[in-house]
Number of protein chains: 2
Amino acid sequence: MAIARPTHRRLFAVFDHAHGHLSRRAGAALAQVEIKPAQAMALVYLGYHNGCQLSELADGVGSNNAAVTGLVTRMEKAGLVRRRALQSDGRGKSVHLTNQGLLKREQVMDTLRKFDEKLSKNFTDAEMDTIYKFLTISSHLGSK
Amino acid sequence: MAIARPTHRRLFAVFDHAHGHLSRRAGAALAQVEIKPAQAMALVYLGYHNGCQLSELADGVGSNNAAVTGLVTRMEKAGLVRRRALQSDGRGKSVHLTNQGLLKREQVMDTLRKFDEKLSKNFTDAEMDTIYKFLTISSHLGSK
DNA sequence: ACAATTTAATTCATATGTGTAATTTCTTGG
DNA sequence: CCAAGAAATTACACATATGAATTAAATTGT
């Protein structure tokens, strides 16, 4: 057999392609609750780690510090979160959900729950475990 | 069992998180051949569909028409591709790899091949089939 | 204590993606 | 042929991501 493991070829290209389409679909769904995907992801993460620092949020949403600075600034302007200086470390700042941010997060969670169901409904539990494992490992290949 | 299919929860969030990290890693690898991920994806696609129209390229890289206009403009400026008017349809334009673009594409393919190998080495063929199926289906949930 | 290093956040220039509107060019029904 | 609609591309405003450089604050080695 001359062609080995053909389905494994161009894995990143296929992954990136899928992300482009999925991200657009998710964006359309999230537009119904008037929020952009990046801000929605930040809201979801903050629900589990409210009051974390900007750096942690950056890693939590798969982004970097520079991107999160702008993201949090826009979200602050929209009244979804607010920064607070750390007493323990003069360099760091923590990010906190406002009441409005909490409310928006619930709408986001509802929207994403439906979206996730559509995404996973054609797969068995075992298959989803494999997919989840792949995504998790990919996130930690070189977190730095 | 109160908690059903826990690993399936927050699927899109996990996917987006993984893409963020992977994309950064790929960007670092591709920086060695001095090209950005989006342009690299376009080069890869054009290798298989040289001379296609902008619209087809947009779908091929999981993006949209407006994004591709700017992308092709930057790539044209970099000497990697060039636009050509269609004789058959005055509205459309086709995109063609230059010799420089072809050369760059080979470097990109080498870089991505190594990257893909790292990504897939912890999975069996059967698991990769599942992952590939998930990514492919995700791309076609609602292409438009 | 102090200089060198490290770390957190920011700023900047640039690249990229998205929706909406405008432009130009087909295509089609009357 | 002409008006209406559809299609391909572009223009525009804005949100987002990245690397590099900057600033301020903490840490470390001596």
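Lettering follows sequence order; numbering is per chain, from 1.
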Inset, instruction - May I have the distance from B:Lys36 (atom NZ) to D:dT18 (atom C1'), rounded to whole angstrom? - result: 6 Å

Legend entry - Closest to the B:Ser55 side chain, choosing from D:dA8, D:dG19, C:dA9: D:dA8

Inset, instruction - Just compare D:dT18, C:dA9, D:dT16 and give me whichever is closest to any side-chain atom of B:Arg24. - result: D:dT18

Inset, instruction - Compare side-chain N and O positions of B:Ser63 against OP1 and OP2 of C:dT18 and report whether any pair is under 4.0 Å apart. - result: yes

Legend entry - Whole-Å distance separating the CD atom of A:Gln87 from the P atom of C:dA8: 16 Å

Inset, instruction - Determine, for A:Tyr48 and A:Arg105, whether the Lys NZ or Arg CZ falls below 6.0 Å from the six-membered ring centre while staying within 45 degrees of the axis. - result: yes

Inset, instruction - Determine whether B:Leu22 and B:Phe115 make a side-chain contact, defined as any pair of heavy atoms from C-beta on separated by less than 4.5 Å. - result: yes

Inset, instruction - Would you mind checking if A:Asp116 and A:Arg113 are paired as a salt bridge, meaning a charged N to carboxylate O distance below 4.0 Å? - result: no

Inset, instruction - Nearest whole angstrom, please: distance from the P of C:dT18 to the CG of B:Leu71. - result: 12 Å

Legend entry - side-chain N/O A:Lys93 vs C:dT10 OP1/OP2, d < 4.0 Å: yes

Legend entry - Closest nucleotide among D:dT10, D:dA17, C:dA15 to the B:Arg74 side chain: C:dA15

Legend entry - Earlier contact from the 5' end, DNA chain D, for A:Ala67 and A:Asp89: A:Ala67

Inset, instruction - Find the distance A:Glu34:CD to D:dA15:P and express it as a whole number of Å. - result: 14 Å

Inset, instruction - Starting at atom CG of B:Asp16, determine the distance to atom C1' of D:dA17, rounded to an integer number of angstrom. - result: 12 Å

Inset, instruction - For A:Ser23 and for A:Gly70, find the nucleotide of DNA chain C with the closest heavy atom, then tell me which residue's nucleotide is more 5'. - result: A:Gly70

Legend entry - Short side-chain to backbone donor-acceptor contact, A:Thr98 and A:Leu80, under 3.5 Å: yes

Legend entry - Contact under 4.0 Å: A:Asn64 side-chain N or O vs D:dT18 OP1/OP2: yes

Legend entry - Shortest side-chain distance from B:Gln39, nucleotide among C:dA9, C:dG17, C:dA15: C:dA15

Legend entry - Residue whose closest nucleotide on DNA chain C lies nearer the 5' end, A:Arg91 versus A:Ala28: A:Arg91

Legend entry - Nearest-Å distance for atom pair CZ/C1', residues A:Arg83 and C:dA9: 8 Å

Inset, instruction - Using only heavy-atom distances, determine whether the side chains of B:Thr73 and B:Arg83 contain a donor-acceptor pair under 3.5 Å. - result: yes

Inset, instruction - In whole angstrom, give the distance that lies between atom NZ of A:Lys77 and atom P of D:dT16. - result: 12 Å

Legend entry - Residue B:Gln53, side-chain heavy atoms: nucleotide from C:dT11, D:dA8, C:dA9 that is nearest: D:dA8

Inset, instruction - Select base, sugar-phosphate, or nothing to describe what A:Ala38 touches, counting heavy atoms under 4.0 Å on all strands. - result: sugar-phosphate

Inset, instruction - Could you check how far CZ of B:Arg84 sits from P of D:dT9, rounded to whole Å? - result: 15 Å

